[in-house]
Amino acid sequence: MRRSSPILRRLLSGAAAGSSAGARRSITYMPRPGDGTPRPVTLIPGDGIGPLVTGAVRQVMEAMHAPVYFETYEVHGDMTTVPPEVIESIRRNKVCLKGGLATPVGGGVSSLNVQLRKELDLYASLVHCFNLPGLPTRHENVDIVVIRENTEGEYSGLEHEVVPGVVESLKVITKFCSERIAKYAFEYAYLNNRKKVTAVHKANIMKLADGLFLESCREVATKYPGIKYNEIIVDNCCMQLVSKPEQFDVMVTPNLYGNLVANTAAGIAGGTGVMPGGNVGQDHAVFEQGASAGNVGNEKLVEQKKANPVALLLSSSMMLRHLQFPSFADRLETAVKRVIAEGKYRTKDLGGSSTTQEVVDAVIANLD
Amino acid sequence: MMRRSSPTFRCLLRGATSGSSCEARRSVTYMPRPGDGSPRQVTLIPGDGIGPLVTGAVRQVMEAMHAPVFFETYEVHGDMTTVPTEVIESIRRNKVCLKGGLATPVGGGVSSLNVQLRKELDLYASLVHCFNLPGLPTRHENVDIVVIRENTEGEYSGLEHEVVPGVVESLKVMTKFCSERIAKYAFEYAYLNNRKKVTAVHKANIMKLADGLFLESCREVATKYPGIKYNEIIVDNCCMQLVSKPEQFDVMVTPNLYGNLVANTAAGIAGGTGVMPGGNVGQDHAVFEQGASAGNVGNEKLVEQKKANPVALLLSSSMMLRHLQFPSFADRLETAVKRVIAEGKYRTKDLGGSSMTEEVVDAVIANLD
């Protein structure tokens, strides 16, 4: 517990500290002896654009000589379960970086992404959506962190066909999970100097389920009198996101709403190709692209090797902070933001036509 | 009932798209049947919050147009336990209703009267037409999306229980019957309104059985309309696409909860919930209200200062006039409203202006032919 607080603190400060694009941090980090020992990190390339963008991260890490080495495991979306050696590896290393795993629609295998999160009890999913300097979007002043409950709610996976043609799907909300996600959200806000936490819900319709979620949020809010707390119904939230996104700061949501809100927020701030994020639990952390809109890229993107590596690069920067290598994290983030701000090397989703490799080379060239 | 309702539906459906030609006057003369001019009775529910203000606006405009419509008003408020029986009776009799929003208390207590009304009258399809109004600048261009949302089941079944203290289960029920009829409605709408594409919104990679059933029904119905393109999109990707490339969407058919969120997002990108028309329709009845209300009935300040936006309800009442087979009146009303928006002099706060409801109404009346 004691050891995880500074780790968590770094993880959390990572998401906010990256907002200064060109400014160099003038602080010298005083390490403890042995802090430079290379750390092993589990790497899951995944499906679709996954191998491409994780390869990009690898290249940049090598170029920086970061004290990180990867233990790679092949996992694909059509496997029945995540192989036990992969789970073992993550339990051992405590940190994992992964590309997306494709989830087949309809009958068949359940989502491996969800399995992984439940297995390791990564109960908080964090997506930081913000306007990147130099990247024009329709919405200005976006700086939203969506903290989404990752293990229960609509994703319980409990469905059954009552009679032919009638299906019931269970949405389970528990006080335990609602409380811990609320605690995480307020703690995040507290540690990152955030001013407001907004709970997203639909308790006017789902009175018991979302009502329980709201109760938990309200209880935790009383313990943080310095942080403003308000609630917003999810449909109004979607509408406000697209009209006045500057009103939102930190948002805490149950599972399904969090998915939609995170993807909407990612979309307004520049797209899912650039937003960093991760999943964190008491003991482990898995970093991946913040919001993936439920897909792993289309085939053309993979063939032409034009996937956007920025999101995963920024997420791996969050990972470096989590591993207590803040100086490397700063270098990586600064380089990535410089490349975006310059605008010469941008992939298709940002309006350019570069390939992944070109962006990676530009980032490496921009490293201090 | 069936034969008569087809032209009724056609008019209802046509209403949503023909309003896109702002300035062009329709040169078609409508040939009525004798007796078509008899005044029709419509149930009116002012509702809560800004409801009385905006329904009052509709009333004024109807009078100014001398529309053959007269209203039977009933007071219903969100804190009542159920919708009063005489109101339901009235709607069953008149077949058409215009309403303001009913406030739904958050958390324990009364269940939503809006939802009750829709289930009671089996208004299984909710339709919201989100489009860029000419002259109203927004961040997104080329938006013309119709969201057709299943209105009676799904996450809104209202079946929740506390298994043990601290653990709540909420049932989402999907049936083939409801999924099929909403899919049929969506394709029929697209067919009758010359729409090119229907997109089904789902999350069947996670909720495989529930949303899988919905998708099956959509696919089956799609085979019967080979001229209309059909595709599917996962709801989180859909939200992201809506805010980055909304021009790719045409008609969207969704289950209950996703429809709520998608409709409000689409309304938000195209100009806000203050201007989007919509309605709820079932086999026998139709209830017209503001298209997307973002789950609220306006804040107190808006009500006190009388600055609510009446445009959404005016456009919805224009859809209602088409439904009642008064297309000429519908055209006049829509043209007047769109002229007022395009001129830009009288706009309420949500559109960037500072006018009061009354000023907008007067401007609309002044612009009537």
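Predicted model only: the values in this text are computed from it and were never measured. In the text below, chain A, chain B and the rest are named by the order of the sequence lines, each starting its count at 1.
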Q: Below 4.5 Å from any heavy atom of chain B, which atoms of Leu212(A) appear? Answer side chain, backbone, both or neither.
A: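 Just its side chain gets close to chain B.
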Given side chains that start at C-beta, do those of [X] and [Y] come closer than 4.5 Å, heavy atoms only?
{"X": "Asn263(A)", "Y": "Asn237(B)", "result": "no"}
{"X": "Leu171(B)", "Y": "Leu170(A)", "result": "yes"}
{"X": "Val166(A)", "Y": "Val173(B)", "result": "yes"}
{"X": "Met206(A)", "Y": "Glu160(B)", "result": "yes"}
{"X": "Arg139(B)", "Y": "Ile268(A)", "result": "no"}
{"X": "Glu169(B)", "Y": "Leu158(A)", "result": "no"}

Q | Counterpart residues, side chain to side chain contact (heavy atoms under 4.5 Å, CB included), relative to Glu119(A) (two or more places apart) | A |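 Expected list: Ile87(A), Arg91(A).
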Q) In terms of heavy-atom proximity below 4.5 Å to chain A, should Glu155(B) be classed as side chain, backbone, both, or neither? A)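 Both parts, heavy atoms under 4.5 Å.
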Q: Drop me the distance from Leu260(A)'s CG to Thr265(B)'s OG1, to the nearest 0.5 angstrom.
A: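 That separation rounds to 8.5 Å.
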**Q.** Option from Ile206(B), Val235(B), Asp236(B) for which side chain to side chain contact (heavy atoms under 4.5 Å, CB included) with Asn259(A) holds
**A.**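 Among Ile206(B), Val235(B), Asp236(B), the one meeting side chain to side chain contact (heavy atoms under 4.5 Å, CB included) with Asn259(A) is Asp236(B).
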**Q.** Among Gly268(B), Cys239(B), Gly154(B), residue most engaged with chain A (heavy-atom pairs, under 4.5 Å)
**A.**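 The option with the most such pairs is Cys239(B).
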**Q.** Among the listed options Lys172(B), Lys176(B), Lys203(B), Gln241(B), the residue most often paired with chain A at heavy-atom distances under 4.5 Å
**A.**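 Heavy-atom pairs under 4.5 Å are most numerous for Lys172(B).
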(Q) Applying ring-ring contact (aromatic ring centres under 6.0 Å, His included) as the test, list every pair that has at least one member in residues 142-165 of chain B; sequence neighbours left out. (A)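 ring-ring contact (aromatic ring centres under 6.0 Å, His included) check on residues 142-165 of chain B returns no pairs.
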